[in-house]
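One structure below.
These numbers come from a predicted model, not from an experiment.
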Amino acid sequence: MSLRINFAPTAKPLSPQRLVTSAIMLALTLGLVWLQSNETEASLPPNQARMPSAEGVRSINNAIDDLNFPWLAVLNSIETSADESLRFLQIDADTRDKRMTMQGEARNSKAVLELPNRLRRNPAIADARVVSQSPASNADNHDFPERFALEVIFQGTEGAQP
């Protein structure tokens, strides 16, 4: 006696109902995929979408120019140019215009008139000139009776933006 074991499934013929149902499901799936892809918009890659505008680029370049300016050399020049006969009250700098305005007090007019020549010795400074000079209005200020304003023009810096 021989025992025959067959684990293979028996082949059932495809019924027309099953074939139609499968075709309808396939058509519906493809239709849904097409509708979803039709509403998708093209856009820039994520790294390009975060690029700054032209104004933002100009602002960044201006900040870099401000940071690249030789501040230490200019401040050291001001410090070495001043002596006990001068004191600075205010320093305003604008690197875009390459100008700096200094206001201060002096013991005498001679100290004020010598200051621009001392400042011009610094290679970062193109020109320095006294803008105004007047007696101090404060009666309590006997040590520094002269007030002055000085304008300093810087040399052009390398890498400056046009």
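In terms of the salt bridge (charged side-chain N to carboxylate O under 4.0 Å, His left out) criterion, residue partners of Glu55 (sequence neighbours excluded) are, by chain and number, Arg58. Residues satisfying the side chain to side chain contact (heavy atoms under 4.5 Å, CB included) test with Ile60, not counting sequence neighbours, are Pro52, Ile64. The salt bridge (charged side-chain N to carboxylate O under 4.0 Å, His left out) test applied to Arg118 returns Asp83, Glu114, not counting sequence neighbours. With sequence neighbours excluded, no residue satisfies salt bridge (charged side-chain N to carboxylate O under 4.0 Å, His left out) with Arg121. The side-chain hydrogen bond (donor to acceptor under 3.5 Å, both in side chains) check on Thr21 picks up nothing, with sequence neighbours excluded.
There is a path of hydrophobic side-chain contacts, each under 4.5 Å, that joins Val130 to Phe154.
Here the closest heavy-atom approach between residue Glu105 and residue Arg87 is recorded as OE1-NH2, 2.6 Å. When all heavy atoms are compared, the tightest approach of Met102 to Phe88 is CE-CE2, 3.9 Å. Summarising the geometry of Glu146 relative to Pro135, their closest heavy-atom pair is OE1-N, 4.3 Å, with the distance given to 0.1 Å. Ala128 and Leu119 make their closest contact through CB-CB, 4.1 Å (heavy atoms, listed as atom of the first residue, atom of the second, distance).
Residue Gln90 places its CD atom among more than 12 non-hydrogen atoms of other residues, nucleotides or ligands, all under 6.0 Å distant.
Between Pro123 and Gln155, the closest side-chain pair of non-hydrogen atoms is not below 4.5 Å. Asp143 has its side chain within reach of Arg107: a pair of non-hydrogen atoms, C-beta onward, lies under 4.5 Å apart. Taking 4.5 Å as the limit, some side-chain heavy atom of Leu115 sits within range of a side-chain heavy atom of Leu86. The shortest distance between side-chain heavy atoms of Asp127 and Arg120 falls below 4.5 Å.
How far OG of Ser81 is from CD1 of Ile125: 7.0 Å, rounded to the nearest 0.5 Å. Considering CG of Asn76 and CG of Asn122, their distance stands at 9.0 Å, rounded to 0.5 Å.
Other residues sharing a hydrophobic cluster with Leu26 under the 4.5 Å side-chain heavy-atom criterion for ILVMFWY residues are Leu30.
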Requested in this report: List the steps, then state whether side chain to side chain contact (heavy atoms under 4.5 Å, CB included) holds for Gln103 with Arg147.
Outcome: CA-CA 8 Å; Gln103 297 176 4; Arg147 288 204 173 219; over 6 Å; no

